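Note that the structure is a prediction, hence the values are computed from the model and not measured.
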Amino acid sequence: MKIKLVHAHFLLSTGDYNNERVGFTSELEEGDTVESAVAEMRQLAIVAIGPKSRELYDQNQRLRVESRQLEERMNRLRSEWEATAEFLKAQGLKPEAPSMPQFQRLLNAVKVESQEVTAEFVEEAEPDNIPFDPATQTEISDGF
């Protein structure tokens, strides 16, 4: 038997009891094996679905903690700056000592300029309508 097409579906967990199903059909080239084609399609499925939601949640939590630490540090530095500016003004060394500038929202949100996703969708045959080669059919007895 010579296999020409390999179709594989993968059900991958995205975390929090959620799953996503993705499938591919691949035409085997000379020298390809079914196992290598399925392994390649599995990697494509993992890339297509992306990181698990748990990984995204953990990353979000780490970034929140880091952001809070940076804000606390900024507030300490602002207090030190203001105290230094007040000292310089009070001593008459630098009466025009400025207050620390407010650094908030200096970066604009990133905007996606364009996005393109291309894929070829192959309609699956209904299990009852799959054509079989009559030469490969065998009789199955009622007793199995």
*Contact check, side chains of V38 and E35, non-hydrogen atoms, under 4.5 Å*: no
*Do any N or O atoms from the side chain of S67 and from the backbone of L63 form a donor-acceptor pair under 3.5 angstrom?*
no
*Do E20 and L12 touch side chain to side chain, with heavy atoms closer than 4.5 Å?*
no
*Do any N or O atoms from the side chain of H7 and from the backbone of F24 form a donor-acceptor pair under 3.5 angstrom?*
yes
*How far apart are the closest heavy atoms of A8 and M41, and which atoms are they?*
CB-CE, 4.0 Å
_Does Q43 form a side-chain contact (heavy atoms from CB on, under 4.5 Å) with I46? I'd like the steps, not just the answer._
CA-CA 5 Å; Q43 288 305 311; I46 291 169; 4.0 Å; yes
*What do you reckon, is NZ of K94 surrounded by more than 12 foreign heavy atoms closer than 6.0 Å?*
no
*Closest heavy-atom pair and its distance - A85, P98*: CB-O, 3.8 Å
*Gap between atom CG of L5 and atom OG1 of T25 - 0.5 Å precision*: 7.0 Å
*Any side-chain heavy atom of D32 sitting closer than 4.5 Å to one from E40?*
no
_Interatomic spacing from CZ in R78 to CD in E71 - rounded to 0.5 Å_ = 10.0 Å
*Which pair of heavy atoms, one from V34 and one from I3, lies closest together, and at what distance?*
CG2-CD1, 3.7 Å
